[in-house]
Amino acid sequence: IFYMNILMVLDHAFPSDLRVENEATSLIKAGHNLGLLTISDYENDETVIYKGIKLYKKSISKFRLNKMHGLAGMIPWMDRFLYKQISRILDYEKYDAIHFHDLYLFGAARLLKKKYNLFFIGDMHENYVEVIKDYKWANSFPNKVFISHRKWERKEIEWLAEMDKVITVSSGIVDRIISKGVEQDDVVLVPNTIHTTIFDEFEIDQEITEKFKDYFTLVYVGGFVSNRGLEHVIDGVARLKEEIPNLRLVLVGDGDYRNILEMKVQECNAHEIVHFEGWMDQKKIKSYLIASDIGLIPFKRTPQTDNSSSNKLFQYMYFELPILGTNCTSVKKLVENEKCGLIYETENVDEFIKCILKLYMNKRLREELGRNGKKSVINKHSWDVTTRDMISMYNKLENNL
């Protein structure tokens, strides 16, 4: 039996991206050979093996990498850099397919096609053209002078046309990709579900579970950016102090918006209620979820969040947390279909408060929603189930070699 040699390309440190690691290890389990070019501010260049993945670590300054990333739609700096790095690998090792992780890396395919006969797979983790509108760095001086959203939209069409197959995370982004000229048969849906067996193996951190055991705890896991809607959550918990004396809001993550959120907490006099825990390793996330009562998806509605596939949503569900989420299209559809939580209108603090009180006063409802969520993940939304189409795609490519 012949298996493919697949080189993934990632523009940040690894291992730190759970989706990339899950995809890579699943392809290895299916019999394929995996390399991963990972570009970050490493101390030095080196090649190492991690969980069967051959990692090519390329060191580059954070400043330079951020500029290449941010201006990828304007200047082909990233394209030429990746072409050079990938060519160095291909000059002495055989790969059949290049698998780019995220839109701004796709441009290198055009240059590589001139020299190599390979398959090119684009993996869109998000609707990048829309999400860039929410990034602070893209809307701050001087970057906002150089970044053209119209040009990003044109580049998206150009780069998608270079891909043999495109993988993405939600049905909404599938529709977007097809609208940009990609054939439906060339798009593969791989939602950000969780590898349940990995979470099962993580040990529980008693220090974390003890810290919150006597509280009614709301948890949010993820980035702190403008479209996450965390301001209205802070407003809501501040107003609930009297009705739920043991209420706690646990924010596990970090991002550009952290300073703004911390100021919001001070304004609302909610510093005793809100805990900023910072970025945590996935092994620690399990303990925060076990220690919590409700999992929050408080996103503002944008073209990106309407079509997101949030890994944290499936984590909450697996650990039997009832979901409290806004009416973003993809979140609302999943929560209502699986009967695993409550939905409120985006940024509506009054509705948020009503939902919290409903869940607080009805333990039986919380338990029922939690059970439904876990059952749904086990039966339909675990990584082993949702990755089958990607494995099938690669097996079909293999037959064309």
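Of all heavy-atom pairs between Cys268 and Ile234, the closest is SG-CG2, 4.3 Å. Between Ala30 and Tyr3, the closest heavy-atom pair is O-CE2, 3.6 Å. Residues Ser171 and Leu189 come closest through the heavy atom pair N-CD1, 3.9 Å. Scanning all heavy atoms of the two residues, the minimum distance from Phe314 to Val377 falls at O-CG2, 3.8 Å. Taking every heavy atom of both residues into account, Asp384 and Thr387 meet most closely at O-CG2, 3.8 Å. Here the closest non-hydrogen pair linking Arg366 and Leu359 is NH1-O, 2.6 Å.
Side-chain contact between Leu105 and Met78 is present, with at least one heavy-atom pair separated by less than 4.5 Å. Annotation: side chain of Glu347 is not in contact with side chain of Thr326 (no heavy-atom distance under 4.5 Å). Between Met280 and Ile208, the closest side-chain pair of non-hydrogen atoms is not below 4.5 Å. Residues Lys115 and Leu90 fail the side-chain proximity criterion, which asks for heavy atoms closer than 4.5 Å. Residues Ile391 and Leu27 form a side-chain contact, since some pair of their non-hydrogen atoms from C-beta on lies under 4.5 Å apart. A 4.5 Å side-chain heavy-atom check between Leu36 and Tyr50 finds every atom pair outside the cut-off.
In this structure, the side chain of Ser59 engages the main chain of Tyr42 through a donor-acceptor pair within 3.5 Å. A donor-acceptor pair under 3.5 Å links the side-chain atoms of Ser179 to the main chain of Arg176, judged by distance alone. Panel note: side chain Ser376, backbone Asn372; no donor-acceptor pair is recorded below 3.5 Å. Remark: the backbone N or O of Tyr104 is not paired with any side-chain donor or acceptor of Asp102 at under 3.5 angstrom. Judged by distance alone, with hydrogens and angles left aside, the side-chain atoms of Thr346 form a donor-acceptor pair with the main-chain N or O of Phe299 at under 3.5 Å. When atom types are taken as modelled, the side chain of Thr38 and the backbone of His12 share a donor-acceptor pair closer than 3.5 angstrom. Looking at Thr168, its side chain never comes within 3.5 Å of a backbone N or O of Val174 through a donor-acceptor pair. Lys94 contributes no side-chain N or O that, together with a main-chain N or O of Asn5, makes up a donor-acceptor pair within less than 3.5 Å.
When the salt bridge (Lys or Arg N to Asp or Glu O under 4.0 Å) test is applied to Lys358, no partner is found at least two apart in sequence or on another chain. Residues meeting the salt bridge (Lys or Arg N to Asp or Glu O under 4.0 Å) test with Glu267, sequence neighbours left out: none. With sequence neighbours excluded, no residue forms a side-chain hydrogen bond (donor to acceptor under 3.5 Å, both in side chains) with Glu243. For Gln206, the side-chain contact (heavy atoms from CB on, under 4.5 Å) partners at least two apart in sequence or on another chain are Ile204, Thr209. Every residue meeting the salt bridge (Lys or Arg N to Asp or Glu O under 4.0 Å) condition with Lys211, not counting sequence neighbours, appears here in chain and number order: Glu277. Take Asp235 and apply the side-chain hydrogen bond (donor to acceptor under 3.5 Å, both in side chains) test, not counting sequence neighbours, and it matches Lys264. Here Asp350 pairs with Arg239 under the side-chain hydrogen bond (donor to acceptor under 3.5 Å, both in side chains) rule; sequence neighbours left out. Residues passing the ring-ring contact (aromatic ring centres under 6.0 Å, His included) test with Phe202, sequence neighbours excluded: Phe199. A search for side-chain hydrogen bond (donor to acceptor under 3.5 Å, both in side chains) contacts involving Glu93 returns Lys54, Tyr56, not counting sequence neighbours.
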Verdict with supporting geometry, Ser87 and Tyr116, side chain to side chain contact (heavy atoms under 4.5 Å, CB included): CA-CA 9 Å; Ser87 293; Tyr116 305 100; 3.5 Å; yes
Test log, rule side-chain hydrogen bond (donor to acceptor under 3.5 Å, both in side chains), inputs Thr196 and Ser382: CA-CA 6 Å; Thr196 55; Ser382 71; 5.3 Å; no
Full working for side chain to side chain contact (heavy atoms under 4.5 Å, CB included) between Met163 and Val182: CA-CA 9 Å; Met163 298 297 121; Val182 179; over 6 Å; no
Tyr360 and Leu240: CA distance, side-chain angles, deciding distance, side chain to side chain contact (heavy atoms under 4.5 Å, CB included) verdict: CA-CA 11 Å; Tyr360 174 67; Leu240 282 166; over 6 Å; no
Stepwise side chain to side chain contact (heavy atoms under 4.5 Å, CB included) check, Ile323 with Glu338: CA-CA 11 Å; Ile323 308 300; Glu338 305 305 332; over 6 Å; no
Pair His275-Tyr288, ring-ring contact (aromatic ring centres under 6.0 Å, His included): steps then yes or no: CA-CA 12 Å; His275 294 256; Tyr288 282 104; 9.8 Å; no
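A salt bridge links Glu158 to Lys155: one of the charged nitrogens lies within less than 4.0 Å of a carboxylate oxygen. The pair Glu262-Arg258 meets the salt-bridge criterion, since a charged nitrogen lies less than 4.0 angstrom from a carboxylate oxygen. Using a cutoff of 4.0 Å between basic side-chain nitrogens and carboxylate oxygens, Glu351 and Lys354 are not scored as salt-bridged.
Using the six-membered ring where Trp is involved, Phe212 and Tyr215 have ring planes that are perpendicular, over 60° apart on the 30 and 60° scheme. Between Trp159 and Trp152, the ring-plane angle classifies as perpendicular under the 30° and 60° cut-offs.
Screening residues 190-209 for salt bridge (Lys or Arg N to Asp or Glu O under 4.0 Å), with sequence neighbours left out, gives Asp205-Lys284. Each salt bridge (Lys or Arg N to Asp or Glu O under 4.0 Å) pair with one or both residues in residues 162-174, not counting sequence neighbours, appears once here: Arg110-Glu162, Lys113-Glu162, Lys165-Asp186. The salt bridge (Lys or Arg N to Asp or Glu O under 4.0 Å) pairs that include a residue from residues 17-27 are Arg19-Glu23, Arg19-Asp123, Glu21-Lys51, where partners are two or more places apart or lie in different chains.
For the atom pair Asn44 CG and Lys57 NZ, the distance stands at 9.0 Å (nearest 0.5 Å).
Of the residues listed (Thr217, Leu218, Val219, Leu313), the one engaging Leu321 in a side chain to side chain contact (heavy atoms under 4.5 Å, CB included) is Val219, and it is the only one.
When the shell of 6.0 Å around CD of Gln266 is examined, it contains more than 12 heavy atoms from other residues, nucleotides or ligands. A 6.0 Å sphere centred on CG of Asn117 holds no more than 12 heavy atoms belonging to other residues, nucleotides or ligands. Summarising the local packing, NZ of Lys29 is surrounded by 12 or fewer heavy atoms from other residues, nucleotides or ligands at distances under 6.0 Å. Atom NZ of Lys180 is surrounded by more than 12 heavy atoms from other residues, nucleotides or ligands within 6.0 Å. Enclosure of atom NZ in Lys332 is not indicated, since only 12 or fewer non-hydrogen atoms of other residues, nucleotides or ligands lie within 6.0 angstrom.
When only modelled atom types and interatomic distance are considered, Asn395 and His32 share a side-chain donor-acceptor pair under 3.5 Å.
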